[in-house]
Amino acid sequence: MKARPSILSCGEVLWDLFPDHPRLGGAPANFACHASALGGSVFFLTGLGTDDRAGEAIRILESHGVSTRLIQTIPEKTTGAVDVSFDASGQPRYRIHEDSAWDHLAWTRDLESQLGGMDAIYFGTLGQRSEPSRQVIRAVLERARGSGLMRVLDINLRAPFYTPAILRESVSLATHVKLNDEELPVVAAACGLQERLEPREAIMQLREAFKLRVVALTMGAAGAWVSSDQGTLRQPGFPAEVVDTVGAGDAFTASLTLGLLAGTEPGPALHDACQTASKACTHAGGLP
């Protein structure tokens, strides 16, 4: 693997409209910025409008070292946004604006030409909520599969923007899957796994059923599990002074992806990913 692996992050960009002020977010954007900070050469495939938030998103992404050359401008649509609130335990709750620019991706020659230089593709489930963007992301993944590239699926369940079919098909297109303990029962049911399995058995069964290389399960402050052909391991969480947990999972996925691309064994890569996620909880917002 080259010293600075190339990663394409696909999907939504969202302005998180916090009670105090807006912050750039969305799992693929957060992942892209964290992966760039950790040493990746990261490209971002998304759609933006022509509003002020679009220009500010470009500026922030580029300030984090993310390439914006594959970002598409959708003049008739607005840049994505989500209303964010928090429950008593500090967990975020989201209301995502519909029919945004990132729902209208198109296949381009530039996108096709860039795929040849990638080492990994990152994608999620929310970014596939619309048919146009789903088709483009699936086309990217099919080409990546033909080239044997790492394909990292980050399950991000945002009702009502997913179906059991989208979950199953997304898992089948991935080589690596990351999900959290709240998402696990939904994914397990969608993928036809046995009911009421313990987390360890569930991720092992998911990996074996879909011939995945790695499945990672995060459990907040309790740490995380990773399952690979080298076994299934648990990493306890690291203590942190939590400001908010927005983006912690994206930081985890970025660290795990970069570690595995560098040839780090799953156990040490999991350790580093949990440590990175813990640090992400100590500041506001999802970016590094």
> Any chain of hydrophobic side-chain contacts (each under 4.5 Å) joining Val13 to Ile58?
Replying inline: yes

> Just wondering, do Ser67 and Val42 contact through their side chains at under 4.5 Å, heavy atoms?
Replying inline: no

>> Nearest 0.5 angstrom please: Gln275 CD to Phe238 CZ, how far?
In response: 4.5 Å

> Would Asp87 and Ser89 count as a side chain to side chain donor-acceptor pair (under 3.5 Å) if you check the C-alpha gap in whole Å, the side-chain angles of each, and the deciding distance to 0.1 Å?
Replying inline: CA-CA 6 Å; Asp87 64 18; Ser89 65; 2.9 Å; yes

>> Here's one to test your reading of the geometry: is the NZ or CZ of Arg23 within 45 degrees of the ring axis of Phe18 and under 6.0 Å from its centre?
In response: yes

> Which residues satisfy the salt bridge (Lys or Arg N to Asp or Glu O under 4.0 Å) test with Arg145, sequence neighbours excluded?
Replying inline: Glu142

> Do Gln205 and Glu201 get their side chains close enough for a donor-acceptor pair, meaning under 3.5 Å?
Replying inline: no

> Looking at Ala280 and Ala248, what are the two nearest heavy atoms and their distance?
Replying inline: CB-CA, 4.0 Å

>> Under a 4.0 Å threshold between the charged nitrogen and the carboxylate oxygen, would Arg138 count as salt-bridged to Glu169?
In response: yes

> Hey, is Arg53 close enough to Glu56 for a salt bridge, meaning N to O under 4.0 Å?
Replying inline: no

>> Checking side-chain polar atoms at under 3.5 Å, does Thr46 have a donor or acceptor matched by the opposite partner on Glu12?
In response: no

>> Is it the case that the side chains of Asp103 and Ser133 hold a donor-acceptor pair, with the cut-off being a distance below 3.5 Å and no angle test?
In response: no

>> Is there a path of hydrophobic side-chain contacts, each under 4.5 Å between heavy atoms of I/L/V/M/F/W/Y residues, joining Leu197 to Leu184?
In response: no

> Looking at Thr163, Asp154, Asn156, which hits side chain to side chain donor-acceptor pair (under 3.5 Å) with Thr125?
Replying inline: Asn156

>> Could you tell me if the side chain of Pro236 sits less than 4.5 Å from the side chain of Met219, heavy atoms only?
In response: no

>> Check for me whether the distance between the ring centres of Phe44 and His64 falls short of 6.0 Å.
In response: no

>> Salt bridge check, Arg109 against Glu112: does any charged N sit closer than 4.0 Å to a carboxylate O?
In response: no

>> I'd like to know if Arg213 pairs up with Asp229 as an ion pair, taking the criterion as any Lys NZ or Arg NE/NH1/NH2 lying under 4.0 Å from an Asp or Glu carboxylate oxygen.
In response: no

